[in-house]
Protein chains: 2
Amino acid sequence: MTDGDGTAGRIGDLIDRLGRLVRSQEQAGGLNPAQWEALRYLARANRFSRSPGALAEFLGSTKGTASQTVLALERKGLVRRERDPDDRRAVRLGLTGAGRTHLRRDPLREFAGAASALTKEAQNGLSAGLGDILGQLQRHNGRRPFGTCQHCRFFQRRGAAKQSDGPHRCILLDVALSEADSGLICVEQEEASA
Amino acid sequence: MTDGDGTAGRIGDLIDRLGRLVRSQEQAGGLNPAQWEALRYLARANRFSRSPGALAEFLGSTKGTASQTVLALERKGLVRRERDPDDRRAVRLGLTGAGRTHLRRDPLREFAGAASALTKEAQNGLSAGLGDILGQLQRHNGRRPFGTCQHCRFFQRRGAAKQSDGPHRCILLDVALSEADSGLICVEQEEASA
DNA sequence: ATTTTATAGTATCGAGTCGCTACTATTAGA
DNA sequence: TCTAATAGTAGCGACTCGATACTATAAAAT
């Protein structure tokens, strides 16, 4: 920041500089920053969210740009693309084995390493504070939060309401959700506690 | 992050996403992200550090790229360039009035705004934690810290050593430093406490 | 002094990025 | 069945950024 230089300004500055550092590290491994982030996203998104359109929303880019990113990842053999049999306009994306392997060399690990040198309290504080800022800005810009199913207002936990057991459910898309599904991120997610 | 997903991993992830958000906001105002960061840097760097080379180090880019950035800012009338009369290879940079005015519309203010919604403790924690991570990574990558003079090991406070009064001094470059100078960032800075 | 080497910066080129505007294919609605 | 609306891709063009090569000046070596 340039002005008042209070703590808040310094935080903005630090985020900016760390972001730049991330980007420069992310040139490694034959991928560019957008491709790294796409790869990470696809590893953690649920099946309704592994599409070029959802990726575009996540990256804050256009569909065209996201499409190019996906094509590049497919050329490198890290991502698999197939048409959805139910809606034949849609494309379903997924990581290949090579894609998952590649993620083990994620440059972001270096950042996680640096973070883990902090005390546990400091880590929790950082995580909470950054998450809060991100949430605020996303709301402010009308972006989706991309949280996980189990924190979503459309999430119906197993045993709730009528059905006594069976899987959890998404009452927006009206589908069953496995335990694993519930921990993945989703385009449609809306924070429960609001 | 993709794996263990501990708090540390989540922090890396958040930094990445916030960084991307910064970048997308920084397209505003007719400048690109690198230009915004250069403008901010030049507003806060001392006179030994307002050069294309120092800027390149700060941005983590090459001299060529930094040179282009500076040229672009000069074309827009935000930065002034002049040759140093003492070392005629060197170029000294500075903001114009328009440059300072432009900084008032810094998109990073939005982030500072979001940060200032946090409690004072949370802000201090964030600032300290992020600063720590940045410092670690800079050391690890052999980058300069770009701190301010008064925290530098070459800083000699007024009244120290022989000279009883007069200005502070930089004992690396052997020059006088005003009070204002001492709060500016410097390429040559090395943290005092190590 | 003169030569050599180092330093500061710029010019230029090419690969790649990204937003934008079409455009196709498929589905949903009137 | 005709008309939107939706998911995605193609291709263009402005721009970015790193790498290489180059000029000008300064410092070091002989």
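We name chains A, B, ... by the order of the sequence lines, and we start the count at 1 in each one.
Of the candidates dT25(D), dG8(D), dG9(C), dG9(C) carries the atom nearest the Val91(B) side chain, counting heavy atoms from C-beta on. Comparing dT6(D), dG11(D), dA26(D) against the side chain of Gln68(A) picks out dG11(D) as the nearest. Among the nucleotides dA25(C), dC18(C), dG9(C), the one closest to the side chain of Thr65(A) is dC18(C).
Side chain of Thr69(B) to backbone of Ala34(B): no donor-acceptor contact under 3.5 angstrom is found. Not a single donor-acceptor pair under 3.5 Å links the side chain of Ser49(A) to the backbone N or O of Ala45(A).
Atom CH2 in Trp36(A) sits roughly 14 Å away from atom P in dT17(C) (whole-Å rounding). Taking atom CD on Gln27(B) and atom C1' on dC20(C), their separation rounds to 14 Å, with Å as the unit. As a whole-Å value, the separation of Arg23(B) CZ from dC18(C) P is 10 Å. dT23(D) atom C1' lies 12 Å from atom NZ of Lys63(B), rounded to whole Å. Protein atom CZ of Arg20(A) is 12 Å distant from nucleotide atom P of dT16(D), rounded to whole Å. At whole-Å resolution of the value, CD in Glu37(B) and P in dC17(D) are 11 Å apart. Rounded to a whole Å, the CZ atom of Arg89(A) is 8 Å from the C1' atom of dA28(C).
Using a cut-off of 4.0 Å between Lys/Arg side-chain N and Asp/Glu carboxylate O, Asp181(A) and Arg47(A) are scored as salt-bridged. Using a cutoff of 4.0 Å between basic side-chain nitrogens and carboxylate oxygens, Asp87(B) and Arg92(B) are not scored as salt-bridged. Looking at Arg40(A) and Asp16(B), a side-chain N of the basic residue comes within less than 4.0 Å of a carboxylate O on the acidic one, giving a salt bridge.
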N/O donor to acceptor pairs below 3.5 angstrom from side-chain atoms of residues 17-24 of chain B, sequence neighbours left out:
{"unit_1": "Arg20(B)", "atom_1": "NE", "unit_2": "Glu37(A)", "atom_2": "OE1", "d": "2.2"}
{"unit_1": "Arg20(B)", "atom_1": "NH2", "unit_2": "Glu37(A)", "atom_2": "OE1", "d": "2.8"}
{"unit_1": "Ser24(B)", "atom_1": "OG", "unit_2": "Leu21(B)", "atom_2": "O", "d": "2.9"}

Which atom pairs, one a donor and one an acceptor, fall under 3.5 Å between side chains of residues 139-146 of chain A and the rest of the protein, sequence neighbours left out?
{"unit_1": "His140(A)", "atom_1": "ND1", "unit_2": "Glu110(B)", "atom_2": "OE2", "d": "3.1"}
{"unit_1": "Asn141(A)", "atom_1": "ND2", "unit_2": "Gln25(B)", "atom_2": "OE1", "d": "3.4"}
{"unit_1": "Arg144(A)", "atom_1": "NE", "unit_2": "Val187(A)", "atom_2": "O", "d": "3.4"}
{"unit_1": "Arg144(A)", "atom_1": "NH1", "unit_2": "Val187(A)", "atom_2": "O", "d": "3.4"}

*Kindly determine whether Arg153(A) and Glu190(A) satisfy salt bridge (charged side-chain N to carboxylate O under 4.0 Å, His left out), including the steps that lead there.*
CA-CA 6 Å; Arg153(A) 53 181 289 245; Glu190(A) 295 180 22; 2.9 Å; yes
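Residues Val70(A) and Arg81(A) share a closest heavy-atom pair of CG1-CD, 3.5 Å. The nearest pair of heavy atoms linking Thr7(A) to Ser127(B) is CG2-CB, 3.8 Å.
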Which pairs, protein N/O on one side and nucleotides 13-15 of chain D N/O on the other, fall under 3.5 Å?
none

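The stretch residues 70-88 of chain A touches DNA chain C through Asp86(A), Asp87(A), Arg88(A), each having a heavy atom within less than 4.0 Å of the strand. Contacts with DNA chain C (heavy atom under 4.0 Å) in residues 52-62 of chain A: Ser61(A), Thr62(A), listed by number.
Counting non-hydrogen atoms under 4.0 angstrom, Thr69(A) reaches nothing in the nucleic acid.
Remark: Arg88(B) engages no residue in a side chain to side chain donor-acceptor pair (under 3.5 Å) (not counting sequence neighbours).
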